[in-house]
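Fair warning: this is a prediction, and the values are worked out from it, not measured in the lab. Naming: A, B, ... by sequence-line order, numbering from 1 per chain.
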Amino acid sequence: MRTHYCGELRSSDLGAEVTVCGWVDTRRVHSEHLAFIDLRDHSGIVQCVVDEKLDLRSEYVAMITGTVRTRFEGKSNDKLATGEIEIGDCSVHVLSIAEPPPFPMHERSEVDETIRLRHRYIDLRKPRMQKNLRTRAKVNSSIRNAMERQGFVEIETPMLIASTPEGARDFVVPSRLHPTNFYALPQSPQIFKQLCMVGGIDRYYQIARCLRDEDLRADRQFEFMQLDMEASFVDQDDIITFVSEAIKDSAETVTGIRPGEIPTMTWQEAMERFGSDKPDTRFGMELIELTHLFEHTEAKVFKVNCVKGILYPEGAEILGRNAIDALTEKCQSWGAKGLAWFRVGKNRELDGALTKFMSADEISELATSMEAKEGDMIFVIADQRRVVNHILGLLRLEIARPPVGEGGLNFLWITEFPLFESIADSGMPIPAHHPFTMPHPEDLEKLETAAGEEFLEIRSQAYDLVLNGWELGSGSVRIHNKEIQTQIFEILGINETEANEKFGFLLDAFRYGAPPHAGFAFGIDRLAALLSGEENIREVIAFPKTQSGSDPLTNAPTPLSPTHLEELGLRLSPEAT
RNA sequence: GGUCCCGUGGUGCAGUUUGGAGUGCACGCCGCCCUGUCAAGGCGGAGGUCGCGGGUUCAAAUCCCGUCGGGACCGCCA
């Protein structure tokens, strides 16, 4: 139908007879003898000059044929890429009329997201969504290229699988042919990709849809896409190299700048310095160790096994009493007992509610340790080390996190995650990743001797990729050795029968010759969002769900008809209805 | 499971603190005028269950309770 896209016409097209198709953006009607119609497609906008009487309204779909010509002297518009030219002598075919859109098409004001989602097909026409979805497509494409180039083979894995007990809550699908039985939708292709390794695929990848029935957030939807990969006869460094290549390629494709070498930090260091396993390293304000200052303190609140602080530069001037109270309440809601704060005055004198319980030495050493300057604010948390790091990590973000799109792209590998995340009441450790994660080689001995809390010190060969404080993805070297696997199951309190019930087919597969293998997966929605300068992954998803998991466009989820339920052998409980 | 914020013509907002007539702004919409605009301009007009329910009050957009929807976060997401 068309000869050109609207946004592509330039002075070099002068004199050409062109046909463009698109939606009527703004129109400036002077009379029945002169009207300016801005026609829009995904490429941009072009001004069409119409000199006949036409009823062309906002969002009408039109095909316009005319001649490209320069605009009148001094009438060019430098805000438009096509601003030098216009299409004159236009003949217009209205292809579809349109009701007025339910929200403004210009992007000068934010529109309520529910309304955008209810009419997503209109929202998608806007430059923002056009740009974001095309950025996302570039990310997908460059990831595919990078993986193919590195010898990875794209394998598709099933969506209807068996539910496994570990991990996130499954979405389930009732089986018509096997009443009383259910499929689960995959939380990830984890087990299948390991089976691919046993199957000699050597290097597997997939841009995979994953589903988890957990509460939604700005960076979490029920369904999301991951670059999922696994490789045989490789170690952690190989995986980091493979994934870094794909990440750098996609960032370069979008931004035009290739990121430098991605730094690595151990989990331990991340927790101590940033209070998070996904530190946002775009800004400092690191956690400072203060425990040793208060070994002999009289101040009750500091008589605990860990005291740390953060320094908010010029915070004393920025934060009033109300703001401090609000931060204190936040910290308490996160699980802190309280928040100690000190305003820094002249000569590093400290002013705060707790100074009267502290010795002069403690006060001056606190100010010195924090490298405080006049006008700064010191925040201190005292508690169990885990709690202190966690709360200060959250507080640091609350106070000083830069907006998305500022501070560059700080990719970061976090390595040496602990093998176990906590100890259950039963005394059994709970795995931090999954039970096939290979322990750190230096900690294999500890695995045999550890008891109680000591288990938490055992490191694993699990690693995360972080970008600007978002967890992009995680992976690990897997256990392929039967002895170690048995040992892990023993520690976790999973006996052979139970192990076979839960992961039988994987363990079966491993009996027939499993290569050493390792893998990774990272979230494409999150990567695409951050590369698009969006702080919400819904902005890079064509048809996302709301925080409560509903879709204002299709009204999903909806009830099933009684017939439908009956066919599936399902009956709704009275409490649920 | 929990904390916090928002809900006012089609859209975005002000009004809520301190109760007093659906009061206001911008955009959009409809009609008329207008031959160089580009967020066109001028004149006129239509459009409201102040999310919903209950309570307090002579009187509720405003105060109280509940509820629904949306958003941010904690928990959760091996």
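- Which of B:rG36, B:rU11, B:rG31 sits closest to the side chain of A:His30 comes down to B:rG36.
- Picking from B:rC73, B:rU37, B:rU35 the nucleotide with the shortest atom distance to the side chain of A:Glu86 gives B:rU37.
- Within the shown strands, B:rC13 is the pairing partner of B:rG24 under the Watson-Crick or G-U definition, both distances less than 3.5 Å.
- Distances shown here put every side-chain N or O of A:Ser333 at or beyond 4.0 Å from the OP1 or OP2 atom of B:rC4.
- The nucleotide whose nearest atom lies closest to any side-chain atom of A:Arg69 is, among B:rG71, B:rA39, B:rG36, B:rG36.
- Looking at A:Arg71, its side chain comes within 3.5 Å of the base of B:rC38 through a donor and an acceptor atom.
- Nucleotides B:rU11 and B:rA39, compared at atom C1', are 15 Å apart to the nearest Å.
- The base-pairing partner of B:rG19, taking Watson-Crick or G-U wobble contacts with both distances under 3.5 Å, does not exist among the strands shown.
- Within the nucleic acid shown, A:Lys330 has no heavy atom closer than 4.0 Å to any nucleic acid atom.
- B:rG55 and B:rC73 have their P atoms separated by 38 Å, with the value rounded to a whole Å.
- Base-pair partner of B:rU67: B:rG51 (Watson-Crick or G-U wobble, both distances under 3.5 Å).
- Under the 4.0 Å criterion applied to side-chain N and carboxylate O atoms, A:Glu59 and A:Arg40 are assigned as salt-bridge partners.
- A:Glu110 comes within 4.0 angstrom of sugar-phosphate atoms only, judged by non-hydrogen atoms across all strands, and of no base.
- The base-pairing partner of B:rC34, taking Watson-Crick or G-U wobble contacts with both distances under 3.5 Å, does not exist among the strands shown.
- The nucleotide whose nearest atom lies closest to any side-chain atom of A:Asp215 is, among B:rG75, B:rG71, B:rC38, B:rG75.
- For the P atom pair drawn from B:rC32 and B:rA26, the interatomic distance equals 24 Å after rounding to whole Å.
- Nearest to the side chain of A:Arg57, among B:rA39, B:rU37, B:rG31, sits B:rG31.
- Comparing the P positions of B:rC43 and B:rC4 gives an interatomic distance of 49 Å, to the nearest angstrom.
- At a threshold of 4.0 Å, the pair A:Asp383-A:Lys337 counts as salt-bridged, since one of the basic side-chain nitrogens sits closer than that to a carboxylate oxygen.
- Within 3.5 Å, no donor on the side chain of A:Glu113 pairs with an acceptor on the base of B:rG69, nor the reverse.
- B:rC13 and B:rC6 have their P atoms separated by 12 Å, given to the nearest Å.
- Of the listed nucleotides (B:rC27, B:rG71, B:rG36), B:rG71 has the atom at the smallest distance from the side chain of A:Asn536.
- Of the candidates B:rG12, B:rG71, B:rC29, the closest approach to any side-chain atom of A:Ile115 belongs to B:rG12.
- If you measure from atom CD1 of A:Ile391 to atom P of B:rC73, you get 17 Å, rounded to the nearest angstrom.
- Between A:Ser548 and B:rG70 there is a side-chain N or O to OP1 or OP2 distance below 4.0 Å.
- Ring stacking holds between A:Phe36 and B:rU37, with the centres under 5.5 Å apart and the planes within 30 degrees of each other.
- OP1 or OP2 of B:rA72 sits under 4.0 Å from a side-chain N or O of A:Gln547.
- The residue A:Asp112 sits close only to the backbone: its heavy atoms come under 4.0 Å of sugar-phosphate atoms, none of a base.
- Contact of A:Arg212 with B:rC77 (side chain to base): no donor-acceptor pair of N or O atoms is detected under 3.5 Å.
- Salt bridge present: A:Arg128 and A:Glu110 bring a charged side-chain N and a carboxylate O closer than 4.0 Å.
- Contact between the side-chain N/O atoms of A:His390 and the OP1/OP2 oxygens of B:rG75 is found at a separation under 4.0 Å.
- Nearest heavy atom pair, residue A:Met159 against residue A:Leu211, reads CE-CD1, 3.5 Å.
- Ionic pairing of A:Arg459 and A:Glu416 is present here: one or more N-O contacts between side-chain nitrogen and carboxylate oxygen are shorter than 4.0 angstrom.
- Between A:Asn77 and B:rG36 there is no side-chain N or O to OP1 or OP2 distance below 4.0 Å.
- Applying the 4.0 Å criterion to OP1 and OP2 of B:rA40, one finds that A:Arg28 has a side-chain N or O inside that range.
- Side-chain to base pairing of A:Glu32 with B:rU35: no donor and acceptor N or O lie closer than 3.5 Å to each other.
- Within the nucleic acid shown, A:His106 comes within 4.0 Å of sugar-phosphate atoms alone, with no base atom in reach, counting heavy atoms only.
- If you check every strand for non-hydrogen atoms under 4.0 Å, A:Ser31 touches a base.
- The P atoms of B:rU57 and B:rG19 are separated by 16 Å, rounded to the nearest whole Å.
- Minimum atom distance to the side chain of A:Arg108 is reached by B:rA39, of the listed B:rA39, B:rU37, B:rG75.
- Listed for the A:Glu230 side chain is no donor-acceptor partner under 3.5 Å among the backbone atoms of A:Lys193.
- A sub-4.0 Å separation between OP1 or OP2 of B:rA72 and a side-chain N or O of A:Arg538 is present.
- Side-chain atoms of A:Asp13 come within 3.5 Å of backbone N or O of A:Arg10 as a donor-acceptor pair.
- Phosphate proximity of B:rC74 to A:Arg217: present, with a side-chain N or O under 4.0 Å from OP1 or OP2.
- Side-chain atoms of A:Ser109 lie closest to B:rG12 of the nucleotides B:rA40, B:rC77, B:rG12.
- A gap of 13 Å separates the C1' atoms of B:rC50 and B:rA14, to the nearest Å.
- Here A:Glu398 pairs with A:Lys330 in a salt bridge; the nearest charged N to carboxylate O distance falls below 4.0 Å.
- Each of A:Ala168 and A:Leu394 was matched to the nucleotide of RNA chain B holding its nearest heavy atom; the match closer to the 5' end belongs to A:Leu394.
- Here A:Arg57 pairs with A:Asp55 in a salt bridge; the nearest charged N to carboxylate O distance falls below 4.0 Å.
- In terms of phosphate contacts, A:Ser550 brings a side-chain nitrogen or oxygen within less than 4.0 Å of OP1 or OP2 of B:rG70.
- Each of B:rG70, B:rC77, B:rG36 was ranked by its minimum atom distance to the side chain of A:Glu214; first place goes to B:rC77.
- Comparing B:rG66 with B:rC27, their C1' atoms are spaced 36 Å from each other, to the whole Å.
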